[in-house]
Peer 1: 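I have a structure I would like to understand better, so I am pasting it below and will then ask my questions one at a time.
Note that the structure is a prediction, hence the values are computed from the model and not measured. Note that these values count all heavy atoms, side chains included, but never hydrogens, waters or copies made by symmetry.
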Amino acid sequence: SSLTFLKGATQTLTDSTTAPGQALGRTGISSNTTNTTLNLASKAQMESLLINTSQVFSLNGSNTLTLGNTAPLSISGTFTPSTGTVNYENTTAGSVAATTYYNLGFGTISDSGAAATYTLLGNVIVQSVLTIGNASSTNSDILNASSRTLTLSGSGTPLVITSKGTFTASTSTVIYNSTSATNITATTYNALSLLPASGSPTYTLGTAGSQTIRADGTFTMGDGTNA
């Protein structure tokens, strides 16, 4: 099924059903005589979301968008993450749109389905927390960073890899750039950079004792101004 929002002006989408929400199928935002802005007022579940040129989609606060398709998010217009969450919930391998997210999840809903691999299509910024997998799921979900740059701007622990999640670095670069105290998640990276955007925050390697953090490529700490 498909659904297109094209009335123009600002529209609001509200879903009062049980999370993750009513399945809306393939969803698009288009213009009629004027451009359309679609604001979430709750959660929403879509097979895919197409934001056409000059159109706007906003999570509009701490709302959650759940997507499930091989290429679920296509952005030619404007995607506004606000303080919301985007969850990719594929049953097969899928791609991840290059954009800025606030909270970003892969396979974070508990299920018994087959493992899925999510591959970055371009550079991605996560402003708060990136989570891979759900510990209660039967199989592990995988985030493949490919050759892209993944920037983690959140403080605390901005990268959470559950017991049913895997991070595959490939030839990527992961940048931690929070301006507050941050834990560097124990995993294998390719290029790893600790580059605070300002100030001199404390970056702690690992979240517990006896953890291994490995960088197969370059390891960079500080930019000569902020450290």
Peer 1: Can you check side-chain contact (heavy atoms from CB on, under 4.5 Å) on I213 and T187, steps first, answer last?
Peer 2: CA-CA 5 Å; I213 296 173; T187 190; over 6 Å; no

Peer 1: Show your working on side-chain contact (heavy atoms from CB on, under 4.5 Å) between L24 and L13 and close with a plain yes or no.
Peer 2: CA-CA 11 Å; L24 298 180; L13 174 59; 4.0 Å; yes

Peer 1: Is there side-chain contact between Y189 and T218, with at least one heavy-atom pair below 4.5 Å?
Peer 2: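 No. Closest side-chain heavy atoms not under 4.5 Å.
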
Peer 1: Contact between D141 and Y118 at the side-chain level, heavy atoms closer than 4.5 Å - yes or no?
Peer 2: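 In short, these two side chains touch, coming nearer than 4.5 Å.
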
Peer 1: If a pair satisfies side-chain hydrogen bond (donor to acceptor under 3.5 Å, both in side chains) and one of its residues is in residues 19-37, list it, with sequence neighbours excluded.
Peer 2: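 Non-adjacent pairs meeting side-chain hydrogen bond (donor to acceptor under 3.5 Å, both in side chains): S30-N52, N35-Q55.
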
Peer 1: Indicate, with yes or no, if I75 and L67 share a hydrophobic cluster defined by side-chain heavy-atom contacts under 4.5 Å among Ile, Leu, Val, Met, Phe, Trp and Tyr.
Peer 2: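 Linked, L67 and I75 end up in one cluster.
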
Peer 1: Out of the candidates I29, V56, T53, only one should pair with T78 under the side chain to side chain contact (heavy atoms under 4.5 Å, CB included) rule; please name it.
Peer 2: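 The passing option is V56.
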
Peer 1: Please round to the nearest 0.5 Å and tell me the distance separating atom OH of Y88 and atom CD1 of I109.
Peer 2: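 Interatomic distance, Y88 OH to I109 CD1, rounded to 0.5 Å: 14.0 Å.
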
Peer 1: Which value, rounded to the nearest 0.5 Å, describes the distance between S74 atom OG and N69 atom CG?
Peer 2: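 One gets 11.0 Å once the value is rounded to the nearest 0.5 Å.
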
Peer 1: Would you call P20 and E89 a side-chain contact if the rule is heavy atoms closer than 4.5 Å?
Peer 2: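 They are not in contact (no side-chain heavy atoms under 4.5 Å apart), so the answer is no.
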
Peer 1: Is the backbone N or O of T14 less than 3.5 Å from a side-chain atom of K43, with the two atoms forming a donor-acceptor pair by type?
Peer 2: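 Such a contact is absent between K43 side chain and T14 backbone.
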
Peer 1: Side chains of N183 and T207: any donor to acceptor distance under 3.5 Å?
Peer 2: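 N183 and T207 do not have a side-chain donor-acceptor pair below 3.5 Å.
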
Peer 1: State, to 0.1 Å, how close V129 and N103 come at their nearest heavy-atom pair, and which atoms those are.
Peer 2: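 The answer is N-OD1, 3.1 Å.
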
Peer 1: Using a distance-only test with no angle check, is there a side-chain donor-acceptor pair under 3.5 angstrom linking N87 and T108?
Peer 2: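 Looking only at side-chain atoms, T108 and N87 do form a donor-acceptor pair, the distance falling under 3.5 Å.
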
Peer 1: Give the cluster check for V96 versus F79: same hydrophobic cluster or not, with ILVMFWY residues linked at side-chain heavy-atom distances below 4.5 Å.
Peer 2: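 In one cluster with V96: F79, yes.
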
Peer 1: Could you state the interatomic distance from CG (L50) to OG (S76), rounded to the nearest 0.5 Å?
Peer 2: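 Reported to 0.5 Å precision, the distance equals 6.5 Å.
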
Peer 1: For the backbone of P196 and the side chain of N177, can you confirm whether one donor and one acceptor N or O come within less than 3.5 Å of each other?
Peer 2: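 Looks like no, no N/O pair under 3.5 Å.
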
Peer 1: Starting at OG1 of T188, measure out to CG of D216 and round the result to the nearest 0.5 Å.
Peer 2: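 Between T188 OG1 and D216 CG, I get 6.0 Å after rounding to 0.5 Å.
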
Peer 1: Distance check, rounded to the nearest 0.5 Å: L192 atom CG versus T173 atom OG1?
Peer 2: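 If I round to the nearest 0.5 Å, the distance is 9.5 Å.
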
Peer 1: Return the minimal non-hydrogen interatomic distance between A115 and S140, and the atom names on each side.
Peer 2: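 Nearest pair, atom of A115 first, then S140: CB-O, 2.6 Å.
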
Peer 1: If we ignore hydrogens and angles and just use 3.5 Å, is the side chain of N60 paired with the main-chain N or O of N39 as donor and acceptor?
Peer 2: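 Looks like no, no N/O pair under 3.5 Å.
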
Peer 1: Taking C-beta and beyond as the side chain, do S193 and F219 meet within less than 4.5 Å on heavy atoms?
Peer 2: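 The answer is no, as the side chains (C-beta and beyond) never meet within the 4.5 Å cut-off.
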
Peer 1: Which one of I161, V160, L152, T185 satisfies the side chain to side chain contact (heavy atoms under 4.5 Å, CB included) criterion with L130?
Peer 2: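 Testing L130 for a side chain to side chain contact (heavy atoms under 4.5 Å, CB included) against I161, V160, L152, T185 leaves exactly one candidate, L152.
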
Peer 1: side-chain contact (heavy atoms from CB on, under 4.5 Å) between L65 and L59: does it pass, once the steps are laid out?
Peer 2: CA-CA 7 Å; L65 173 64; L59 282 162; 3.7 Å; yes

Peer 1: Measure across T64 and L40 and return the closest heavy-atom pair with its distance rounded to 0.1 Å.
Peer 2: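 Heavy atoms of T64 and L40 come nearest at O-CD1, 4.1 Å.
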
Peer 1: Please report the shortest heavy-atom distance between S180 and T182, naming the atom on each side.
Peer 2: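 S180 and T182 have their closest heavy atoms at O-OG1, 2.8 Å.
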
Peer 1: Write down the atom of S170, the atom of S146, and the distance for their closest heavy-atom approach.
Peer 2: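 Heavy atoms of S170 and S146 come nearest at CB-O, 3.3 Å.
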
Peer 1: Which pair of heavy atoms, one from F167 and one from S172, lies closest together, and at what distance?
Peer 2: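 In this case the closest contact between F167 and S172 is CZ-OG, 4.4 Å.
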
Peer 1: If you measure from CG on D111 to CG on N134, what distance do you get to the nearest 0.5 Å?
Peer 2: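 Interatomic distance, D111 CG to N134 CG, rounded to 0.5 Å: 7.5 Å.
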
Peer 1: State, yes or no, whether a side-chain contact exists between L150 and V126 at a heavy-atom distance under 4.5 Å.
Peer 2: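 They are in contact (side-chain heavy atoms under 4.5 Å apart), so the answer is yes.
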
Peer 1: T162 side chain to K164 main-chain N or O, any donor-acceptor pair under 3.5 Å?
Peer 2: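 It does hold such a pair.
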
Peer 1: With hydrophobic residues grouped by side-chain heavy-atom distances under 4.5 Å, do L73 and F5 end up in a single group?
Peer 2: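 Yes; tracing contacts between hydrophobic side chains, which count when under 4.5 Å, links both residues.
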
Peer 1: Go through V124 and L104 one step at a time and tell me if the side-chain contact (heavy atoms from CB on, under 4.5 Å) criterion holds.
Peer 2: CA-CA 10 Å; V124 165; L104 177 61; 4.2 Å; yes

Peer 1: Is Y176 close to L195 at the side-chain level, that is, under 4.5 Å between some pair of heavy atoms?
Peer 2: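 In short, these two side chains do not touch, never coming nearer than 4.5 Å.
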
Peer 1: We want to know whether T92 and N90 form a side-chain donor-acceptor pair, criterion being a heavy-atom distance below 3.5 angstrom.
Peer 2: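 Checked: T92/N90 side chains show no N/O donor-acceptor pair below 3.5 Å.
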
Peer 1: Without swapping roles, check the side chain of R148 against the backbone of L121 for a donor-acceptor pair under 3.5 Å.
Peer 2: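 Flag set: sc R148 to bb L121 pair under 3.5 Å.
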
Peer 1: Does some side-chain heavy atom of I184 sit less than 4.5 Å from a side-chain heavy atom of T204?
Peer 2: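 Not in contact.
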
Peer 1: Any side-chain heavy atom of M46 within less than 4.5 Å of one from T66?
Peer 2: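 No. Closest side-chain heavy atoms not under 4.5 Å.
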
Peer 1: Within the distance-only criterion (no hydrogens, no angle test), does the side chain of T168 pair as donor or acceptor with the backbone N or O of N144 below 3.5 angstrom?
Peer 2: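 Pair absent, no side-chain N/O of T168 close to backbone of N144.
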
Peer 1: Are the side chain of Q45 and the backbone N or O of G21 linked by a donor-acceptor pair below 3.5 Å?
Peer 2: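 The answer is yes, because a donor-acceptor pair under 3.5 Å joins these two groups.
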
